[in-house]
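Indexing begins at 1, ligand by ligand and atom by atom, following the structure's order.
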Amino acid sequence: MNIELQCCALFILSVVAVMFFSNKKLDLVNRTLYTKALIICFICLVFDILSIISIYQSVYNGFNSNVTKLLCKIYIMLLVTQGFMSFNYAETSILPRDRISKHLKMVYVGIYIVGEILVLVLPIDFFMDGRVVYSYGASTVAAYILAGIYTMSTIIISVLFRKIVSPRRIISMLIWQSIWLLAAVIQFIVPGLLLIGFASAFGMVVLYIQLENPSEYVDNDTGTFNTKALSIYIKDRFRYERHFAFFTAKINYIIDSVDFNMERDVAIRTAKGMLELGPEPVFQLSDEMFGVLYEDEQRMFERMHFLKMRKDAVTDVPAKGTYILIPDSSKLYGADEFFKFIHTYENEQQEITLLDDKLLKKMRNQNIVREMIDLALKEDRVEVFYQPIYNTKTKNFVSAEALVRIRDKNGDLVPPGEFITIAEDNGQIIPLGQRVFEKVCALLSEGKAQAAGLECIEINVSAAQFDSENPTKFVRELIDKYKIDPRQLNIEITETAVNKNKRLLLSNMEKLIKSGVRFSLDDFGTGQSNLDYLMALPVDNIKFDYKFTQAFFNNDKARKFLTGMADIMHNMDMDIISEGVETEEQLKAMLDINIEYIQGFYFSKPIPGDEFILFLKRNNV
Ligand code: C2E
Ligand code: CA
Ligand code: CA
C-alpha cells in the first residue's frame, strides 16, 4: 500500500510534537495557533492513511464504499482546515492589528465554513490501481480550490507585509507554503506520489525549527525564560492587547566585591524561589534581575508580598532586594515603553518602585527632555547667556555668570530649571557641561569682553561632572585649545558636589587650582549650609543664593544671620557675591554690609554673549 511516506511523516511529526510539548512554553498567540496546526496536521495524516487503507479494502476486499467516501471526505476537509489554519497563523502574526485585518479574517472564516459544507455535500469518488490512489469528484475539486486560496493568500500577505515583520518569519512562511504548493503540483503530475501529507509535516518541522522552538528561550541554568523570550512575549501581549501585571526583583549586593560563584548561586536560588511562586512565567532580565508576569494585579501584589517576605527571611546573602511593580500594562503605550520603564528605574535605590500615573508622567517628561537635550547638542542649539556681576568697590561690571539655555525648535528659550536635574540624572550633564565650557572659552578667546573690563566668568558645574574619572582633563584641553588665561575661569560648585565624593572633588579642585582656575561656593544659604565646607574647600568666593538674599529683606532673623555670615567670611578673606538683587533699595542694603559683588535683575537679566559685550562697553568706565 502506498502509505510509506505518510507513516514516515507521522513519525517525524511525533518527534516534533514530543519536543514541542515537553518544553516549557509561553502562551504566545502564535504558539497557540501553531499548536492547533500541529494537532490538525497530525489528525490529517492519520485520516490520510485511514482513507488509503479504506480505498484499498473497498477496491480489493469489497469494503463498504460509502464509509470509504466518508473517510476520504474527512481527510480532504482536514486538509482544507490545515490550509485555513496556516492562513490564520500567517495572518495573525503578519498583518497589523487593525479593523481591516479583522474584516479580512471574517471573510476567510466565511469562505472556510461555506467551503467545508460544499466539500461535505458534493459527490466524491475514489480510484486505485497499484500505487496510484486518489479521490476525485466535485468535492475534491472544491477542496483543492479552497486550499489553493489559503495557500496563495498566505504567500501574498507574506510578500506584501515583508517590511514590517522579521525576515526570518517571512522566509519561514514562504518556505512552508512553497513546500505545500510544490507537493500538490508534483502529486497532480505523478498521482502515484502521495506527497501532500509528508509536505505538511515537513512544513511543521520548518516552522518549529525557525519560529516555534520554545527551548531556545529558556536558560538552562536557572530554568527561567531569557530576555529574548521576554521581548517576544511582551510584544505579543501588547500586540494582542492582552493586558498584564509584571514585577521585577533585583538583587543588590551590599558588599563591594562579589565572587562569581556566589553571584551564580544567588541567581539560581532566586530563580528557583520565583519559579516556586506559581505557574506564571519567570524571566531573567539580567544577572541580578528577574521578573514575573501575572494576568492581574491582585495576584501580582499577593505573590510579590510573599516573595518579599521570603527574601527578607534570607540572611546569609549580603544583598537587599529592590522591586519594580507594574500593576497594569494598559497604562503603557507598548513594549518599547514597558522596557524603557524598567530600564529607567532598575537601578533605583528605594525598595519599591510602583508604576502609577505620576511616575509614568515623570518618565515620559524625562524622555522628552532627554531627546530635546540630545537634539539641541547635535544641532548646536545649546546657548549660554551671561548675567553681569557688579564689583561694588570698582563700580564696574567685572564678571558674569554663564547660564545655559536651550533654544527649542520654535526658537523659544528653555530655562535650565526644566532640564538640568534630568541631565544630571541621566548623565547628559557631562556633554552639556562641556558644551557650556566650550562656549564660554570661545567668548573669552575673542578678548572683546576683557577689553571692556571683564575679569572672569563664573561657570556652573554639577556634582555629576566632578564624579567622572578626570573632569579636569577637558577643562585644561579647552584652556589650551582656546588659549585663554585660566584665571579668567571661575567654577561654581555646590554643596551637593561636596556631599557626593569629597575626596575626588578636592583632588580635582587642587589640580585645576594649580593650573590657575578659581572656585566659588554656589547657593550658600539654601539647604543645610554647613560651615564645614567653608573651611575645607579651597574657594575664593561665596555666592549668597537668591533666596538667601531675598530672605534678608523679608525676615529679621535672616537679616541678622546674613550680616553675621558676611562678617565671618570677610574675616576668612573670602569675597561675597549676592545673587537676586532686584531693587535699588536691596542694592543699598548689600552695600551697607560691604558685599563685594552684586548679581541680579536690578542690573541685568542673563543676556546673550554679544549683548553682554555691549552691556560692558556701555556701563564700564
Ligand atoms: P544658579 O546657579 O543659582 O543661577 C542663578 C539663577 O538665578 C539664574 O537662573 C538667574 O537667572 C537667577 N537670577 C539671577 N538674578 C536674579 C534676580 O534678581 N531675581 C530672580 N528672580 N532670579 C535671578 P537660571 O538661569 O534659570 O538658572 C537656574 C539654575 O540652573 C542655576 O542656578 C544653576 O544651578 C543651573 N544652571 C544654569 N546654567 C548651568 C550650567 O551651565 N551648568 C549647570 N550644571 N547648571 C546650570
Ligand atoms: Ca550658579
Ligand atoms: Ca544660586
Side-chain angles (χ1 to χ4, degrees), residues 369 373 376-377 381-390 397 399-407 412-443 456-468 471 474-475 478 489-497 500 505 518-527 529 539 541-554 562 576-587 589-590 595 597-609 612:
V369 171
I373 298 175
L377 281 167
R381 284 187 280 101
V382 174
E383 295 185 12
V384 176
F385 276 40
Y386 298 86
Q387 187 175 30
I389 297 176
Y390 179 77
F397 293 90
S399 171
E401 177 170 6
L403 294 155
V404 67
R405 271 106 183 84
I406 283 179
R407 178 80 57 186
D412 297 329
L413 282 178
V414 185
E418 285 182 29
F419 59 85
I420 288 291
T421 326
I422 292 171
E424 284 174 341
D425 286 347
N426 68 24
Q428 286 176 313
I429 193 68
I430 308 284
L432 193 64
Q434 294 192 4
R435 185 65 60 86
V436 172
F437 245 96
E438 175 129 33
K439 301 241 164 193
V440 171
C441 289
L443 181 104
C456 73
I457 287 184
E458 308 256 335
I459 304 184
N460 291 286
V461 165
S462 299
Q465 286 173 269
F466 266 113
D467 252 13
S468 57
F474 87 89
V475 177
L478 286 174
L489 290 177
N490 205 326
I491 295 180
E492 296 189 357
I493 53 165
T494 60
E495 288 165 45
T496 9
K500 267 202 143 173
L505 175 77
R518 284 174 304 162
F519 284 86
S520 305
L521 182 65
D522 202 3
D523 292 349
F524 189 83
T526 64
S529 299
V539 290
N541 305 311
I542 304 288
K543 293 195 79 170
F544 281 2
D545 189 69
Y546 163 76
K547 290 198 201 90
F548 193 40
T549 313
Q550 289 298 318
F552 178 92
F553 306 108
N554 302 329
L562 193 148
I576 298 166
I577 304 169
S578 274
E579 271 178 0
V581 172
E582 291 182 346
T583 62
E584 190 173 355
E585 188 198 344
Q586 293 174 353
L587 171 68
M590 290 296 123
I595 301 294
Y597 299 98
I598 304 289
Q599 174 186 354
F601 291 175
Y602 173 70
F603 288 120
S604 170
K605 291 197 167 172
I607 45 180
F612 171 61

Counting each atom of ligand 1 from 1 as listed, which ones have a heavy atom of Gln465 under 4.0 Å away? 44 (N)

Proximity winner for atom 20 (C) of ligand 1, if only heavy atoms of Phe437, Tyr546, Phe385 are counted: Tyr546

To the Ca ion (ligand 3), the closest N, O or S atom belonging to Glu579 is OE1

So, is Phe601 polar-close to ligand 1, with some N/O to N/O distance under 3.5 Å? yes

Of all N, O or S atoms in Glu492, which has the smallest distance to the Ca ion (ligand 2)? OE1

Proximal ligand 1 atoms for Val581, defined as those under 4.0 Å from one of its heavy atoms: 18 (O)

Is the distance from the Ca ion (ligand 2) to the nearest N/O/S atom of Thr494 under 3.0 Å? no

Please determine whether side-chain contact (heavy atoms from CB on, under 4.5 Å) holds for the pair Phe612 and Gln387, giving the CA-CA distance in whole Å, both sets of side-chain angles, and the decisive distance to 0.1 Å. CA-CA 8 Å; Phe612 171 61; Gln387 187 175 30; over 6 Å; no

Close N or O approach (Gln599, ligand 1; < 3.5 Å): no

Between Gln586 and Glu582 (side chain of the first, backbone of the second, donor and acceptor by atom type, cut-off under 3.5 Å), is there such a pair? yes

Can you check side-chain contact (heavy atoms from CB on, under 4.5 Å) on Phe603 and Ile389, steps first, answer last? CA-CA 8 Å; Phe603 288 120; Ile389 297 176; over 6 Å; no

Okay, side chain of Arg435, backbone of Leu377: is any donor-acceptor separation there less than 3.5 Å? yes

Heavy-atom pairs closer than 4.0 Å: do any link ligand 1 to the side chain of Glu401, the backbone, both, or neither? side chain

For ligand 1, which atoms, with element, lie under 4.0 Å from some heavy atom of Ile420? 43 (C), 45 (N), 46 (C)

Starting from the Ca ion (ligand 3), look over the N/O/S atoms of Asp523 and name the nearest one. OD1

Can you list the ligand 1 atoms lying under 4.0 Å from a non-hydrogen atom of Pro606? 11 (O)

What N/O/S atom of Asp522 gets nearest to the Ca ion (ligand 2)? OD2

Evaluate Leu432 against Phe419 for side-chain contact (heavy atoms from CB on, under 4.5 Å), listing each step before the verdict. CA-CA 10 Å; Leu432 193 64; Phe419 59 85; 3.8 Å; yes

So, do Val404 and Ile420 sit near enough that their side-chain heavy atoms are less than 4.5 Å apart? yes

Measure from the Ca ion (ligand 2) to every N/O/S atom of Glu401 and report the name of the nearest one. OE2

Taking Glu418 for the side chain and Pro415 for the main chain, is one N or O donor matched with an acceptor at less than 3.5 Å? no

Are there protein heavy-atom neighbours of atom 7 (O) of ligand 1 below 4.0 Å? no

Considering non-hydrogen atoms of the protein only, which is the closest contact for atom 15 (N) of ligand 1, and what is the distance? Gln387 NE2, 3.0 Å

Side chain or backbone, does Asn460 bring an N or O within less than 3.5 Å of an N or O on ligand 1? yes

Relative to the heavy atoms of Asp523, which atoms of ligand 1 are at a distance of less than 4.0 Å? 3 (O)

Which of the atoms in ligand 1, numbered in the order shown and given with their element, are less than 4.0 Å from a heavy-atom of Glu582? 17 (C), 18 (O), 19 (N), 20 (C), 21 (N)

Just distances here: any N/O of Tyr602 and N/O of ligand 1 closer than 3.5 Å? no

Atom 40 (C) of ligand 1 touched by protein (heavy atom, under 4.0 Å): yes

Do ligand 1 and Gly600 have nitrogen or oxygen atoms that lie under 3.5 Å from each other? no

Honestly, for Arg405 the part within reach of ligand 1 (heavy atoms, under 4.0 Å) is side chain

Say whether, by atom type as modelled, one donor and one acceptor occur between the side chain of Glu579 and the main chain of Tyr546 under 3.5 angstrom. yes

Measuring to protein heavy atoms, does anything land under 4.0 Å from atom 34 (O) of ligand 1? no

Worked check of side-chain hydrogen bond (donor to acceptor under 3.5 Å, both in side chains) between Asn490 and Ser520: CA-CA 7 Å; Asn490 205 326; Ser520 305; 3.0 Å; yes

Any atom of ligand 1 sitting under 4.0 Å from a heavy atom of Pro415? no

Determine if the distance from atom 12 (C) of ligand 1 to the closest protein heavy atom is below 4.0 Å. no

Quick one: does Arg407's side chain have a donor or acceptor within less than 3.5 Å of a partner on Arg381's backbone? no

Measure from the Ca ion (ligand 3) to every N/O/S atom of Asp545 and report the name of the nearest one. OD1

Near Pro416 (heavy-atom distance under 4.0 Å), the atoms of ligand 1 are 24 (P), 25 (O), 26 (O), 27 (O), 28 (C), 30 (O), 37 (C)

